[in-house]
Structure formats: C-alpha cells, structure tokens
Amino acid sequence: MRWLIAFLGVAILAGVAAFVMITPVEDSSPTSGSSPLSPSPSTSPSVPVPEATEFTDPCGTFDTAMGAPYAITGYWLVPTADHCTWRRQFAAIHKVGGDTVIRIGWGLQARRIDDDGRILDREGKVDPRYEPCEENGVPCVTAAENDLKAANPGNRVSWTFVYRTDEAFGSQLFRCPEFERKIVTRKTVFYRIVATDDGSDDASCENIRGKGRGYHVILVAGAHEDSLTELLDLGDQFGVKVFPALPLAPRDPAQQTRAAKQGTDTLTTLTRRIMQDYGARFRDRPSLGGFYQPFELQMREMKYTGESDDDHPTLRMYASQHQIVEQEMPGSPVLVSPYLDARKEKSFSATPKQVARGFEALVRTGVGIIAPQDSRGTGKVGLFWPDQREEKADKRLWPVVGEQRNGDAYHGSTRDYYREMSTVRTEMAERGHNVELWANVEAFEPSGEETCAAGYDRGGTDKERLDTAVAQVGRYVSKVVSYMWSDFYTCGSPSLAEEIARDWDRPIAADAVRMRRDIQDGMEIRGYNMPMGSKVTVTWKGQQEPRVVDVAGVNLTDMPPGLPVRMETAWIPFDWSQVPEDTWVKVSVAAADGRAASEPLHVRVRL
C-alpha cells in the first residue's frame with residue numbers, strides 16, 4: 001500500500017454449532033419480537049483516557065472528548081511541516097474513536113559522493129538537502145574521513161549513507177563523540193555517525209585508532225525541534241498511543257520489493273543508535289505504544305529460520321532490526337503491516353493457506369503486532385462471502401481485475417485470509433510466540449474521479465465500504481486500524497471523517513454463533529452498536545417471509561479474550577430447527593431508528 005505514497009482469535013465455537021459468515025439482505029418490516037432479558041455489564045477493556053476534556057495551546061483550543069467512537073481505532077498519519085495540523089489531526093482522530101497513531105517514516109539510502117565529498121542525488125547531481133553540511137569549510141563526509149585517517153592512516157570511508165527525518169536526537173545517538181558529532185545549520189541539524197562496514201558497533205572508540213578498517217559514514221538530516229517529542233505530548237493529551245517508524249531499510253537495486261542485504265548491517269547500527277537515544281529520552285512515556293516497521297512486503301509463503309543463508313532477505317533484515325528494539329526498548333512491540341494479493345491471474349499472488357505459512361515465518365522475526373493490509377483499496381483482495389463467489393466483483397474493482405466473478409478473480413476473500421492467519425496466530429501463541437493480529441483496512445479505492453493524494457489515482461471510499469471491511473475481518477483480529485488518515489479521511493465533501501462522525505453508531509455485525517439460553521434456542525451476534533431496541537432480520541432461500549426478532553439481551557456472556565475493544569454481543573431467540581441443514585442464512589441487524597448494518601452476516605449451521 002505504501003508503494004502508492006512513498007512519502008507520505010481463534011474461531012470461537014459456542015453452543016452446539018459454529019457459523020461461517022456471508023452476504024447482504026434486503027430491509028424488511030418487523031413482524032415479531034420477544035421479551036428482553038436483563039443485560040450484564042460489558043467486560044471490554046476501556047480505551048485510553050485523555051488528561052483533560054479541553055486544552056489550549058498556540059494552535060487554539062481542542063476538545064479531547066471522544067464523540068463518535070467508531071470500530072476503527074488506529075490510523076496511519078503523515079505529520080506535516082505545520083505543527084498545528086498535527087494537533088488538529090490528533091483531535092479529529094480521537095473524536096472518531098482513535099486511540100492509536102502510526103506514523104510514516106523515512107528510509108536509509110546509500111549515496112555516491114563527488115570528488116569534493118559532496119553527497120549526490122540519484123541523478124548524479126549535488127543533493128541540496130545535504131550540501132549545507134560542512135565542517136571547517138569541507139563537506140561533512142570529507143571531514144569524517146579526515147578524522148578517521150588522522151586516528152589511523154589505514155582507516156577509509158567505503159560507503160556513505162543518508163537518512164532524513166523531522167526528529168531531533170540527543171547525545172545517546174553517538175558512540176564516539178570524537179568522531180561523531182552534531183552540525184547545526186540554519187535550516188537543518190545534521191548528525192554525523194561512523195559505523196564499521198563489517199556491521200560491528202564497538203563499545204568504545206579504541207579500535208578506530210588501533211587498526212585500519214573500512215567505515216560507513218551515516219549523515220542524518222534532522223530538525224531543530226523534535227517531532228516525536230511533540231507527537232508523544234499530543235498522545236499524552238488525547239490518550240493516544242504513538243508508534244514511530246523505524247528507519248526504513250535500503251532496497252535491493254535488482255529487486256525493489258526486497259531489502260538490500262548489503263545495507264542491513266548499517267541499518268542495524270543506525271537503529272541501535274536511535275533506540276539508545278529513545279531509551280534515554282522516552283523509555284517511560286505512556287504514549288509510546290511501540291514501533292512501526294515501515295518496510296513493506298507481500299504476505300505469502302516465505303522462509304525464515306534465523307539460521308539459513310536462504311532465509312528471506314527482508315525477514316533477515318526484520319529480525320536484525322527487531323532484535324535491536326527488544327534489546328534497547330524491551331517490551332515495546334514492533335508493528336508490521338504486510339499486504340495481501342489474492343488475484344488469480346498473478347503468478348506471485350498467494351492463497352489463504354500460503355499466506356498463513358508466511359504469517360508463521362514473519363512471527364519468528366520477533367514482530368509483536370502483525371496488521372495485514374486488507375488490500376481492498378488496491379483491489380488485490382475482494383470483500384465477498386462464500387455464497388457470492390459466482391457473483392460479479394464490486395464494480396469499483398473492475399479497473400484491477402476486470403468484469404469477473406469473485407471466485408474467478410480471487411483465491412479468496414478478506415475473511416478467508418484473516419481466518420487462516422488467526423488460526424496460525426493461536427498456534428504460534430501456544431509455542432510461546434505472543435503476537436497480536438490486527439487488521440489494516442485500506443480507506444481508498446483503486447481509482448476515482450476525484451483523487452485524494454496528488455500524483456496518484458487512488459480515489460476516496462465511503463463509510464459503507466469501511467463497515468463492510470470491518471465486518472469481514474470480524475472476530476479474527478484484536479484491533480482494526482486504517483491506512484491512512486492523511487489524506488483519505490479528510491478529502492472530499494463530506495469527508496470520510498465527517499461521514500463517520502454522523503453515522504458512527506450504525507450497527508456492524510461481525511460474527512454469530514448458535515447459542516441456547518436455558519431451554520431456548522437462539523443466536524449470539526458479535527459486533528458493534530447493537531443495543532436493546534435493535535432488530536435482527538433472518539432470511540434464507542425458500543423461506544416464505546423474513547423472520548424479524550428484537551434483540552433480547554446485550555452482553556449476556558463474557559466476551560472471549562483478544563477481540564476488539566468496542567465489540568459487544570447481542571442475543572436473540574431463534575429456532576434453528578426451521579432452517580434446512582447446510583443452508584446459508586442472512587442475518588441483518590438494524591438500529592432502533594431503522595438504520596441497517598451495511599453488511600449483513602451470512603451464516604451456515606451444520607448439525
């Protein structure tokens with residue numbers, strides 16, 4: 001997904017039968033009801049609590065109340081040069097129920113230098129971003145090499161790397177202050193780091209003098225004011241967890257989708273230095289939720305053992321970087337968001353089973369949270385149910401897969417993939433690998449008449465499609481997040497954020513199981529916004545007329561662990577003996593005011 005914008009649990013079995021979900025149902029008028037049961041309090045964990053209901057800063061006054069707590073609770077964010085925009089973004093995200101912000105980062109890049117030691121861009125011209133970095137009249141890379149050679153004539157600079165950021169770092173970034181330093185210019189603060197080209201990062205500076213070696217110079221272009229400090233302050237104010245991005249690995253020039261093996265050691269050194277600096281400054285910050293691994297890969301069958309030369313190179317890079325995070329910031333999870341590709345016509349696509357095996361390999365790299373992109377926004381996966389395989393794909397997907405039937409276009413639906421990954425997640429937890437499975441819902445369409453990001457053809461989507469995506473990932477994930485707030489939730493009129501604020505409490509049914517209460521047969525529905533007063537319409541093929549039942553109880557049972565924070569249950573009485581075995585049943589939930597869920601469930605009972 002981020003290739004578009006470079007800058008910018010277990011299946012629950014309850015009662016006597018389980019259900020597999022599936023399709024839309026027509027609205028019907030109510031015909032019957034049932035006497036309500038007394039609800040028990042919800043046991044869902046609470047969301048983070050902001051420090052105050054209102055605060056004022058130079059950017060104005062912002063309300064920290066959560067006015068429209070939607071099912072999606074986390075968003076990717078691109079901080080801008082306007083710091084007041086950051087505050088408005090946090091306020092808007094929190095207003096619609098966001099308690100997590102994941103920020104986009106920057107990449108480490110290998111660069112050539114000219115004869116004077118000036119850093120060149122990819123076109124071979126002097127890069128104006130790094131040209132101002134000078135020490136005693138010479139470019140910073142040359143100054144670094146001069147210092148290394150003065151310590152030992154055998155020292156040499158074998159390669160130069162650059163890294164840009166809007167952060168400011170402390171002294172813990174440096175291992176050897178005599179050879180590493182901070183260079184302040186009018187617009188930019190540069191940090192000069194030297195790293196041995198064999199990947200080692202000596203505990204002292206003695207080896208620089210002791211023997212001649214090759215070194216990589218890493219020149220970091222940073223800011224005068226630290227963006228991460230400001231984001232964490234905002235996180236504390238709004239009760240939001242912030243996931244800053246790790247440095248992005250250099251890409252393999254021959255295969256851009258993979259991390260460059262030659263740059264992994266230098267990336268590890270830079271990551272270690274940054275994590276040491278973070279540890280000194282942010283270790284006890286409650287708003288620091290963890291770290292985001294921004295190098296994107298496709299979720300498919302991959303190999304990673306940690307011991308083999310033919311391990312997937314990107315997974316090797318992951319493991320190296322994630323180990324540093326665990327060493328320097330223990331307890332801080334690393335979040336990774338790989339993408340899915342279910343298109344049958346593509347040789348590189350993967351089935352749900354193949355994706356599950358890739359999930360297992362990814363867990364072994366030490367990642368703490370896997371939030372696969374649902375890939376609906378790019379059209380790589382479709383939102384459909386098993387009995388919709390013979391139906392044509394959503395028209396908005398035709399630019400990607402053509403006017404095909406769902407089953408011809410895709411190996412499976414979003415739900416199929418998350419179900420398989422959930423099963424593996426449980427198996428890995430039983431082996432001691434405690435990883436969380438989140439869902440990353442893409443908040444855009446493959447194309448659109450009005451695009452939301454300059455230079456790209458991705459179009460805006462609508463809340464109805466978001467609701468459908470949330471229903472599809474269902475009970476298989478512990479949190480739903482979305483790529484991305486800027487600009488897909490803020491473009492258009494009304495914007496997607498405005499749609500959510502107006503319609504956040506529309507029911508979303510995500511799962512259902514057959515469940516008796518005392519001697520009465522019935523159904524427990526799991527989802528969002530299904531209070532007393534809601535009505536459930538049940539239909540199936542061959543039925544004479546729809547069955548409409550009042551919700552008879554809410555949160556009557558404890559929620560299974562590992563489900564999203566706002567998910568709840570609603571129970572209805574229903575006689576399953578009237579439904580022919582192995583028949584798909586549509587379950588549509590409507591609010592008391594008549595607003596029906598955008599995506600009804602489709603369940604099937606097998607006795």
Side-chain angles (χ1 to χ4, degrees), residues 2 5 7-8 47-52 55-64 66 72-107 163-170 172-173 189 191 220-248 271 274-275 277-294 325 328-329 332-335 337 369 371 479 481-487 489-490 497:
R2 253 74 68 202
I5 310 175
F7 62 91
L8 287 195
V47 297
V49 178
E51 291 182 357
F55 74 99
T56 304
D57 65 14
C59 298
T61 300
F62 296 93
D63 183 4
T64 59
M66 186 179 287
I72 295 174
T73 56
Y75 298 88
W76 268 260
L77 182 69
V78 179
T80 69
D82 181 356
H83 291 209
C84 288
T85 299
W86 299 1
R87 290 155 173 79
R88 296 187 185 99
Q89 289 173 333
F90 267 72
I93 286 171
H94 191 258
K95 179 180 179 181
V96 296
D99 59 24
T100 302
V101 163
I102 307 156
R103 70 154 297 171
I104 302 300
W106 290 274
Y163 179 71
R164 58 166 292 199
T165 179
D166 58 2
E167 296 180 44
F169 300 105
Q172 293 298 314
L173 190 70
V189 177
Y191 302 87
V220 177
H224 286 270
E225 300 294 329
D226 183 37
S227 65
L228 183 51
T229 297
E230 188 163 350
L231 291 175
L232 292 175
D233 289 345
L234 287 169
D236 289 339
Q237 190 69 53
F238 285 99
V240 169
K241 296 288 187 182
V242 177
F243 283 73
L246 297 173
L248 180 71
T271 304
I274 291 176
M275 289 298 112
D277 181 63
Y278 285 172
R281 295 188 294 139
F282 304 132
R283 190 180 303 277
D284 298 323
R285 290 296 296 264
S287 55
L288 181 62
F291 298 96
Y292 168 50
Q293 168 57 263
V325 174
E328 302 296 338
M329 295 289 286
S332 298
V334 174
L335 180 154
S337 187
I369 302 167
K479 188 178 181 71
V481 294
S482 183
Y483 185 89
M484 62 180 302
W485 187 267
S486 10
D487 298 296
Y489 281 85
T490 56

Q) For the side-chain contact (heavy atoms from CB on, under 4.5 Å) test, which of F243, Y292, W485 pairs with W76? A) Y292
Q) Of V240, L231, D236, which is the lone residue that meets side-chain contact (heavy atoms from CB on, under 4.5 Å) with S287? A) D236
Are side-chain heavy atoms of [X] and [Y] found at a separation under 4.5 Å?
X: L288; Y: M329; result: yes
X: W106; Y: V220; result: no
X: H83; Y: L234; result: no
X: V101; Y: I93; result: yes

Q | Whether over 12 other heavy atoms sit under 6.0 Å from K95 NZ | A | no
Polar side-chain atom of [X] near backbone of [Y] as donor-acceptor pair, under 3.5 Å:
X: K241; Y: P286; answer: yes
X: H94; Y: G239; answer: no
X: S337; Y: A371; answer: yes
X: T85; Y: T80; answer: no

Q. Under 4.0 Å between a Lys/Arg side-chain N and an Asp/Glu carboxylate O for D233 and R87?
A. no
(Q) Using side chain to side chain contact (heavy atoms under 4.5 Å, CB included), reason through L77 and S486 one step at a time and then give a plain yes or no. (A) CA-CA 6 Å; L77 182 69; S486 10; 3.6 Å; yes
At their closest point, which heavy atom of [X] faces which heavy atom of [Y], and how far apart are they?
X: E328; Y: R283; result: O-NH1, 2.9 Å
X: P244; Y: G290; result: CD-O, 3.1 Å
X: S482; Y: Y489; result: OG-OH, 2.7 Å
X: S227; Y: W86; result: CB-CH2, 3.2 Å
X: G98; Y: Y75; result: CA-CE1, 4.2 Å
X: R285; Y: T229; result: NH2-O, 4.4 Å

Q) Given D166 and R103, is the side chain to side chain contact (heavy atoms under 4.5 Å, CB included) satisfied, shown in steps? A) CA-CA 12 Å; D166 58 2; R103 70 154 297 171; 3.3 Å; yes
Q | D277: side-chain contact (heavy atoms from CB on, under 4.5 Å) partners, not counting sequence neighbours | A | F169, Q172, R281
**Q.** CA sep, side-chain torsions, deciding dist, call: M484, I102, side chain to side chain contact (heavy atoms under 4.5 Å, CB included)
**A.** CA-CA 9 Å; M484 62 180 302; I102 307 156; over 6 Å; no
Q) Could you go step by step and tell me if L173 and I274 meet the side chain to side chain contact (heavy atoms under 4.5 Å, CB included) rule? A) CA-CA 6 Å; L173 190 70; I274 291 176; 3.9 Å; yes
Q: Sequence neighbours left out, what passes ring pair (Phe, Tyr, Trp, His ring centres under 6.0 Å) with F291? Give chain and number order.
A: Y278
